Amino acid sequence: MRARARAEREARTQLQARRVRRTVLRRDGMRSEVAGSDGSTRWLLNFCGNDYLGLASHFQVSGALQDAAALHGVGSGGSHLVSGHHALHDALEREIADWLQLPAALLFGSGFAANLAVVQGLLGEGDACVQDRLNHASLIDAARLAGCRLRRYPHADAQGALRQLRTLPEGAAMLATDGVFSMDGDIAPLRELAIVARVQQALLYVDDAHGIGVVGPDGRGSVAEARLDVEAVPLRLVTLGKALGGCGAVLAGDVDLIGHLAETARPYVYTTALPPAVAGAALTAVRIARHEHWRRERLTALVQRFRARALRLGLDLMPSETPIQPLRCGDNATALAMSAALDAAGFWVAAIRPPTVPDGQARLRVTLSAAHGDADVDALVDALATARDACADAARRTRP
């Protein structure tokens with residue numbers, strides 16, 4: 001195993017596909033003090049996180065965490081079905097169900113665990129899960145672990161989903177998609193997928209990790225933006241670690257399905273519940289996200305400002321109206337070089353490479369937050385154009 005690990009690591013090195021963790025020492029709004037490999041530290045303006053509404057460091061959210069920890073301690077002490085289900089967990093589930101206008105909700109430690117719970121809890125051998133080709137890795141892994149047939153259709157292609165469902169034999173079927181795609185920033189064609197699911201008698205499940213808090217009326221996500229109800233989308237995922245600034249996730253939707261998963265889903269039954277203090281912080285964040293509409297308005301304005309300025313400078317943006325703004329680079333070397341140039345200029349923008357994205361589609365995944373300023377966005381676009389030009393010049397110099 002060690003020899004295999006060394007060989008695979010060397011192969012990733014040759015492909016410039018190695019991944020390296022960076023340690024954050026302190027955060028001040030959207031600025032992060034980051035440790036270097038040589039022991040140095042420097043402050044970078046973060047444009048690659050998922051704190052879309054600027055709630056991760058909000059004083060009310062932090063205060064709620066501290067107050068709840070002082071009252072209830074650090075850990076929950078057990079799984080939800082034994083002794084770990086706290087009143088703050090219950091209040092958070094009810095608040096999210098009310099926000100999304102859904103009958104029930106169920107709290108998980110992570111979105112990854114919640115996706116495993118849905119697919120493993122509802123499907124098995126003889127069943128099928130049909131998924132968008134660009135779905136999050138947790139949905140793909142969930143289908144594989146469930147033992148059901150996994151079929152994937154071309155990205156955002158409702159007719160492709162229909163063709164896949166039509167080829168399946170008898171058995172339960174789930175049609176699963178991201179709401180907002182995490183690496184492309186575009187939104188799934190949910191109304192068309194809902195029609196396909198209804199015609200083929202499949203359950204439509206939407207992982208709305210990057211849509212909740214950001215799109216739709218009152219920030220209720222991509223399903224609400226598509227004007228779909230619980231009959232059309234019986235289950236959806238709400239993450240607490242993106243726009244809501246914390247950690248954990250909630251499944252929301254149909255009462256019977258939520259009740260079944262609460263009793264049987266292995267990622268829910270066999271794990272310790274989130275600390276009550278984390279649930280208390282998330283509860284405060286949800287209330288802020290629900291009612292402070294200016295955060296979404298501010299975010300929308302920044303997205304428009306970024307795209308207009310970037311397109312004027314000829315930057316190769318992918319089509320997206322969400323806070324996820326990918327810039328095409330093509331090969332790994334260019335993505336890494338541009339990321340390094342931005343780092344030197346004081347901006348933190350990670351290079352995203354295969355297998356997270358398809359081969360030949362390496363990119364810079366720029367993400368915007370309501371906590372960014374106009375001047376921050378303008379300076380980033382200028383730095384992106386400078387980095388692009390420098391990479392192009394370097395490529396010309398090395399060309400035979």
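Source: prediction; values computed, not measured. All values below come from the heavy atoms of this structure, side chains included, with hydrogens, waters and symmetry mates left out.
The shortest heavy-atom contact between Asp184 and Pro326 is O-CG, 3.4 Å. Scanning all heavy atoms of the two residues, the minimum distance from Ser182 to Asp178 falls at N-OD2, 4.2 Å. Nearest heavy-atom pair across Ser320 and Gln325 is O-NE2, 2.9 Å. Across every non-hydrogen atom of Leu116 and Pro267, the tightest pair is CB-CG, 3.8 Å. What you find for His58 and Arg295 is that their closest heavy atoms are CD2-NH2, 3.1 Å.
Put simply, the side chain of Arg309 never gets that close to the backbone of Ala379: no donor and acceptor are under 3.5 Å apart. The backbone N or O of Arg220 lies less than 3.5 Å from no partner atom in the side chain of Asp218, so there is not a single donor-acceptor pair. Remark: the backbone N or O of Ala335 is not paired with any side-chain donor or acceptor of Asn332 at under 3.5 angstrom. Side chain of Arg151 to main chain of Val130: no donor-acceptor pair is present (N/O by atom type, distance under 3.5 Å, no hydrogens or angles). At least one donor-acceptor pair closer than 3.5 Å links the side chain of His260 to the backbone N or O of Gly121. Without hydrogens or angle criteria, Thr322 side chain to Gly185 main chain gives a donor-acceptor distance under 3.5 Å. Remark: side-chain polar atoms of Arg363 are paired, donor with acceptor, to backbone N or O of Gln361 under 3.5 angstrom. A donor-acceptor pair is defined here as one N or O able to donate and one able to accept, closer than 3.5 Å; no such pair exists between the side chain of Ser32 and the backbone of Val34.
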Worksheet entry | Trace of the side chain to side chain contact (heavy atoms under 4.5 Å, CB included) decision for Leu203 with Leu257 | CA-CA 11 Å; Leu203 183 146; Leu257 294 175; 3.6 Å; yes
Item to complete: Evaluate side chain to side chain contact (heavy atoms under 4.5 Å, CB included) for Glu225 paired with Val180, printing each intermediate quantity in order.
Response: CA-CA 11 Å; Glu225 178 75 4; Val180 173; over 6 Å; no
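Taking a cutoff of 4.0 Å between a charged side-chain nitrogen and a carboxylate oxygen, Asp376 and Arg305 do not qualify as a salt bridge. Ion pairing of Asp51 with Arg27 is absent here, as no side-chain N (NZ or NE/NH1/NH2) approaches a carboxylate O to less than 4.0 Å. With respect to the salt-bridge test (charged N to carboxylate O, under 4.0 angstrom), the residues Asp90 and Arg94 qualify. Between Asp157 and Arg163 there is a salt bridge, since a side-chain N of the basic residue sits under 4.0 Å from a carboxylate O of the acidic one.
Counted by atom type alone, Gln60 and Thr284 present zero donor-acceptor pairs between their side chains at under 3.5 Å. Defined by atom type and a distance below 3.5 Å, a donor-acceptor pair is missing between the side-chain atoms of Thr167 and Arg149. Side-chain atoms of Gln16 and Arg353 form no donor-acceptor pair, as typed in the model, at a separation below 3.5 Å.
Just one residue in the list Asp141, Leu145, Asn115 forms a side chain to side chain contact (heavy atoms under 4.5 Å, CB included) with Gln120, and that residue is Leu145. When each of Arg31, Glu33, Arg22 is tested with Leu44 by the rule side chain to side chain contact (heavy atoms under 4.5 Å, CB included), just one qualifies, namely Arg22.
For Arg9, the CZ atom is loosely surrounded, since the number of other residues' heavy atoms within 6.0 Å does not exceed 12. Within a 6.0 Å sphere centred on CZ of Arg266, other residues, nucleotides and ligands contribute 12 heavy atoms or fewer.
Under the 4.5 Å side-chain criterion, counting only non-hydrogen atoms from C-beta, Val118 is not in contact with Phe108. With a 4.5 Å cut-off on side-chain heavy atoms, Arg307 and Glu321 count as touching.
Ring pair His85/His89 is tilted by interplanar angle, where 30° to 60° counts as tilted.
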